[in-house]
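Count residues from 1 along the sequence. As the structure lists them, so they are numbered: ligands from 1, and atoms in each ligand from 1.
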Amino acid sequence: MEFISTRGKVEKIGFLDAVLMGLADDGGLLIPSEIPQVSASKLKEWSQLSYQDLAYEIFSLYIGEEIPKNELKQLIAESYATFRDPEVTPVRKITDKLYVLELFHGPTFAFKDVALQFLGNLYAYISKKQNEIINILGATSGDTGASAIEGVRGKEGIRICILHPHQKVSKVQELQMTTVHDENVMNLAVKGTFDDCQGMIKDLFADTVFKNQYHLRAINSINFARILAQTVYYFYAYFKVQNADEQKVNFSVPTGNFGDIFAGYLAKRMGLPVNKLILATNENNILERFIKEGVYKPGQFHMTYSPSMDIQVASNFERYLYYLLDENAELVASLMAQFKKEGQITINQENLAKTQELFAAHGVMGAECLQTISAYYQQHQYLLDPHTACGVAAFEQCNGSDEVCITLSTAHPAKFNESIERCNIEQTYPEQIKQLFDKPQYQQVVDNDQDEVVELLKKFFV
Ligand SMILES: *Cc1c(COP(=O)(O)O)cnc(C)c1O
């Protein structure tokens, strides 16, 4: 499979080069030159597979011969051996209409592990095989950082620096990142928001001289490998809830950077019978407004109970835009340039109708989020984390009465006890999380200043 840029100015490259490039050199995002198609009979075959075997089948469609079969199988086996549930991403039935896809059984208790355990191993594989220097630079709203660090800590040939917004992540998120004391890990706490951190990273990756000199590698969901790894659980969950009449299902997805829901879009485009993709956001509802009104325009930043979704500029949105505009890279490039200049993009009525055919959206306010946690705890004895609660609240708002919906549970409630406590619910922490509170922390607090960050990076990266 070959990969191209949403802005059309990058020569076709293979999968491994696309992973290493991260952000496309023309500032766009990398996507497959064609979306592989999965037939109905293939779907039937796949429905019987284990998570790992299903991942192998899907990955193979994009990776081709670039990684030999046995080595790819080995990478997948290692990546999901760290999960606490034998099914990797089990599905729980809550009601006849609602299923929850639990994506939080990996090492850091959030869905990011599904992709980042794989990407970490993939980077180690490339480093060894191609003698590549891998200096990972990433920004996190909380979960990506811990998960990426867990994916590569102590691995030879790899260094990782993670920027997070100082005091704007949950306590457990902060501890998971900063209690790691490996030489190849650096945590920078930036006095700013996640958008500030992500903006800095985007600028550094767009500076191709700096990027190539320091061998910068991306772990944010601009990296196509992450999207790919996340398509697997859409298929897996669909097979788990599938009944005899092969009805389409909805997916409700707690959304920030549009990475996870884009993986669902890709799964649908591959042939998975998806009816609606329900996009759940919080008070930071740029994407809800886009889907309802066709205007993509960042608003005021809010701190919420679901901090991993406190994002205004969704870096994966451009991938969807590309497909919405019938793969017209020139048009995408001009719209993104306009966005940079004027701060907004407006699509026409026809494209808005096309978007609304597939997507529904609901921005969940704080009170509604907490009410949903309380209600499901009382009525179903199921404790939702605040991100998943947004997903469930959006399901309630947007799901048709005769439709079945799978809500993605993106984190374990123990990661966000600040919100759970507000519902007067007392939870017991899993042992791995309890232990974090006794460990020393390693992080540097820095100003929201690109130059200061660059100086630290130059010292840290080899
Ligand atoms: C990252 C994250 C999200 C948002 O996912 P995107 O791919 O950025 O849309 C939602 N919930 C949790 C818990 C997360 O960590």
Side-chain angles (χ1 to χ4, degrees), residues 29 100-116 119 138-148 150 162 164-165 168-170 172-174 176-177 194-195 197-198 218-231 233-234 251-267 277-282 284-288 290-291 304-320 359 361 363-364 369 373 384-394 407-420:
L29 298 180
V100 170
L101 168 58
E102 293 183 347
L103 302 174
F104 53 72
H105 295 285
T108 70
F109 293 80
F111 88 96
K112 304 290 200 294
D113 289 329
V114 178
L116 285 167
L119 186 55
T140 185
S141 57
D143 290 326
T144 294
S147 188
E150 205 53 53
I162 296 292
H164 72 266
K168 289 193 181 67
V169 300
S170 84
V172 170
Q173 287 179 319
E174 182 187 314
Q176 282 181 328
M177 281 187 277
F194 169 70
D195 288 305
C197 298
Q198 179 157 270
I219 39 84
N220 286 77
S221 51
I222 54 172
N223 199 308
F224 184 78
R226 274 186 60 179
I227 306 288
L228 176 58
Q230 290 170 206
T231 58
Y233 48 68
Y234 283 90
F251 285 92
S252 177
V253 188
T255 295
N257 251 331
F258 206 80
D260 208 4
I261 199 164
F262 182 79
Y265 176 78
L266 187 60
L277 291 169
I278 300 172
L279 186 151
T281 60
N282 57 29
N284 299 291
N285 65 347
I286 176 173
L287 291 166
E288 179 198 15
F290 171 73
I291 284 164
T304 71
Y305 299 128
S306 43
S308 302
M309 290 156 41
D310 290 350
I311 294 174
Q312 287 288 340
V313 183
S315 57
N316 270 286
F317 174 71
E318 184 171 338
R319 284 194 165 110
Y320 173 66
F359 289 92
V364 182
C369 172
I373 294 173
L384 302 165
D385 99 284
H387 304 79
T388 310
C390 290
V392 168
T407 294
L408 275 56
S409 177
T410 49
H412 189 288
K415 285 197 94 162
F416 301 98
N417 198 44
E418 292 90 340
S419 309
I420 303 298

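- Geometrically, ligand 1 and His387 share no nitrogen or oxygen pair separated by less than 3.5 Å.
- Of all the heavy atoms of Phe111, the ones lying under 4.0 Å from any atom of ligand 1 belong exclusively to the side chain.
- Remark: minimum distance from atom 7 (O) of ligand 1 to any protein heavy atom is reached at Asp260 N, 2.9 Å.
- Closest protein heavy atom to atom 9 (O) of ligand 1: Gly256 N, 2.8 Å.
- Ligand 1 has a nitrogen or oxygen under 3.5 angstrom from a nitrogen or oxygen of Lys112.
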Trace of the side-chain contact (heavy atoms from CB on, under 4.5 Å) decision for Phe251 with Ile261: CA-CA 9 Å; Phe251 285 92; Ile261 199 164; over 6 Å; no
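- Between the side chains of Gln176 and Asp143, no donor-acceptor pair is found at a separation under 3.5 Å.
- Residue Gly259 approaches ligand 1 through these ligand atoms, each under 4.0 Å from one of its heavy atoms: 6 (P), 7 (O), 9 (O).
- Ranking the protein heavy atoms by distance from atom 12 (C) of ligand 1 puts Thr410 OG1, 3.4 Å first.
- Each of Arg226, Gln230, Glu150 was compared with Lys112 under the side chain to side chain contact (heavy atoms under 4.5 Å, CB included) criterion, and only Arg226 meets it.
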Steps toward ring pair (Phe, Tyr, Trp, His ring centres under 6.0 Å) verdict (Phe290, Phe359): CA-CA 10 Å; Phe290 171 73; Phe359 289 92; 8.4 Å; no
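- Checked by distance only, ligand 1 and Ala411 stay at 3.5 Å or farther apart across all their nitrogen or oxygen atoms.
- Asp143 OD2, 2.4 Å is the protein heavy atom nearest to atom 15 (O) of ligand 1.
- When non-hydrogen atoms are compared, ligand 1 lies under 4.0 Å from the side chain of Met309 (C-beta onward) but not from its backbone.
- Nearest heavy-atom pair, Gly142 versus Met177, reported as atom, atom and distance to 0.1 Å: O-CE, 4.0 Å.
- Between the side chains of Gln312 and Asn284, at least one donor-acceptor pair of N or O atoms lies under 3.5 Å.
- For ligand 1 and Thr255, the ligand atoms under 4.0 Å from any heavy atom of the residue are 9 (O).
- For atom 6 (P) of ligand 1, the nearest protein heavy atom (residue, atom name, distance) is Asn257 N, 3.5 Å.
- When only interatomic distances are considered, the shortest N/O to N/O separation between Ser141 and ligand 1 does not fall below 3.5 Å.
- Scanning all heavy atoms of the two residues, the minimum distance from His387 to Pro307 falls at NE2-N, 3.6 Å.
- Scanning both residues, Thr388 and Thr407, for their nearest heavy atoms gives O-CG2, 4.1 Å.
- In this structure, Tyr320 has its ring center closer than 6.0 angstrom to the ring center of Tyr265.
- For Pro254, the closest heavy-atom approach to ligand 1 falls below 4.0 Å.
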